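Remarks on the structure that follows.
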Protein chains: 2
Amino acid sequence: MPTPAKPTRLTPVHSELATMLAQCGLKVTRPRLAVLKIFKNSTHPISVQEVAAALPSLPTIQASPPINSVTIYRVIDSFRQKGLIREVNLRHGHLDYEIIEHLDDHHHIVCTSCGLVEDFYGCGATSLIRTAIKNSRNFATVNEHTVELFGLCRKCISL
Amino acid sequence: MPTPAKPTRLTPVHSELATMLAQCGLKVTRPRLAVLKIFKNSTHPISVQEVAAALPSLPTIQASPPINSVTIYRVIDSFRQKGLIREVNLRHGHLDYEIIEHLDDHHHIVCTSCGLVEDFYGCGATSLIRTAIKNSRNFATVNEHTVELFGLCRKCISL
DNA sequence: ATTCTAAATGCAAGTTAGTTGCAACAAGTA
DNA sequence: TACTTGTTGCAACTAACTTGCATTTAGAAT
């Protein structure tokens, strides 16, 4: 009779999120799993306030006491420090955050009238970065870059 | 005897700043001249707080009552709306603002360790913008763009 | 399993940035 | 010079965010 697989406490999605946390040296806690799940679920960059507003909809959070807002700030800051998320400014009057999927070349077009956000990939910054470093007196390396485009979406331009 | 030149109340620099304000439909007031002068003088993007801190050093301000902080917020917001200044995120924990000199292609490299900021020009975004619009389902025009590079300066990389 | 320790969380209180409503004032115009 | 509208200053307010500290807990050591 074959040994039955040992039951694990973590659901598959939990184990994926838990691994992400563990790999960057963060302890796996309920608030961190929850906030990370919000970022995973979100299709676009979101603010601290939006994270806070989305948390109560998670089953794991509904089942237990709500997460203190101080904790949300600290969790988001730890994610940012560890490079799990990045800060983006879409000129919505505050900063937003989004998960960093890989070493992706991922950017946004924002409508300055209605705020609509669309993604685009591949900004071809590598050659730009090379020449920028060559021309710079002070800089040695560039690890990250942001590119955001601001314009008008089709709906707003025809208003 | 030749007619003496009529004395003008505005110094040359005032008239230049005043013209900038008038050209975008803003009334020429003491707070606006002062804040605009701070932006003109600054070599790099600055925050609302830095503007407020710099104002008392201006002779015109020293000579009269200080400018209310509410007014600073409103002046900066009016400048941003009129396109005199732009908002930039250098990941210093807040938003900064800098004067828009022309239709310039002006960007920054920021040291993620010490915060040093250096300018660079010409990011070659025009072709990027063309392909981004072509690939976009929703967007029709792009009027503005931001490009910021984040890395380590020579000093910090050797620490 | 149990114990241990550093890290993470929650709470309460405080600080600061930024906003709003309104009355007084002043720039630009007739 | 007077008028009108936009601008400013003040006071009060709101919300974002921070700090200090006691409690709890994840992960590692035993």
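Since this is a predicted model, take the numbers as computed values, not measurements. In the text below, chain A, chain B and the rest are named by the order of the sequence lines, each starting its count at 1.
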Checklist line | Span of DNA chain D in contact with chain B (heavy atoms, under 4.0 Å) | finding: D:dT5 to D:dA11
Margin query: Tell me the interatomic distance from B:I76, atom CD1, to C:dT19, atom C1', rounded to whole angstroms.
Written below: 15 Å
Notebook entry, point to check: When you measure from the side chain of B:V70, which nucleotide among C:dT19, C:dT9, C:dC11 comes out closest?
Noted result: C:dT19
Item checked: Residues B:D77, B:R80; criterion salt bridge (charged side-chain N to carboxylate O under 4.0 Å, His left out); working and verdict -> CA-CA 5 Å; B:D77 198 55; B:R80 189 190 47 73; 2.7 Å; yes
Item checked: Rounded distance in Å - CG (A:L26) to C1' (C:dT9) -> 14 Å
Item checked: Any donor-acceptor N or O pair under 3.5 Å, side chains B:Q49, B:H94 -> no
Check: CG of B:N68 versus P of C:dG18: gap in Å, rounded?
Finding: 14 Å
Item checked: Between B:H44 and B:D119, a side-chain donor and acceptor under 3.5 Å -> no
Note to self: If the cut-off is 4.0 Å, is B:Q49 near the phosphate of C:dG18, judged by side-chain N/O to OP1 or OP2?
What the structure shows: yes
Next item on the list: Please tell me which of the listed nucleotides, C:dG28, C:dG18, C:dA8, lies nearest to the side chain of B:K27?
Entry: C:dG28
Next item on the list: Using heavy atoms to find the nearest nucleotide of DNA chain D for B:T29 and A:T29 separately, return the residue whose nucleotide is more 5′.
Entry: B:T29
Next item on the list: Spell out, yes or no, whether A:L116 and B:I129 are grouped together once hydrophobic residues are joined by side-chain heavy atoms under 4.5 Å, including indirect joins.
Entry: yes
Next item on the list: Tell me which nucleotide among C:dA17, C:dG28, C:dT9 gets nearest to the side chain of B:Y73.
Entry: C:dA17
Check: Looking only at heavy atoms, which two atoms of A:I100 and A:G83 are closest? And how far apart?
Finding: CD1-O, 3.5 Å
Item checked: A:K40/A:E16 under salt bridge (charged side-chain N to carboxylate O under 4.0 Å, His left out): CA gap, chis, key distance, verdict -> CA-CA 11 Å; A:K40 267 280 187 188; A:E16 183 201 345; 3.2 Å; yes
Note to self: Both B:R74 and B:R30 contact DNA chain C. Taking the nearest nucleotide for each, which residue is further toward the 5' end?
What the structure shows: B:R74
Check: For B:P31 and A:V48, take the nucleotide of DNA chain D holding the closest heavy atom to each; which residue's nucleotide lies nearer the 5' end?
Finding: B:P31
Notebook entry, point to check: Once you round it to whole Å, what is the distance between P of C:dT19 and NE2 of A:H94?
Noted result: 13 Å
Notebook entry, point to check: For residues A:S78 and A:Q81, is any side-chain donor paired with an opposing acceptor at under 3.5 Å?
Noted result: no
Margin query: Expressed as a whole number of angstroms, how long is the span from B:L95:CG to C:dA17:C1'?
Written below: 12 Å
Next item on the list: Ignoring the backbone of B:V28, work out which of C:dA6, C:dG10, C:dG28 is nearest its side chain.
Entry: C:dG28
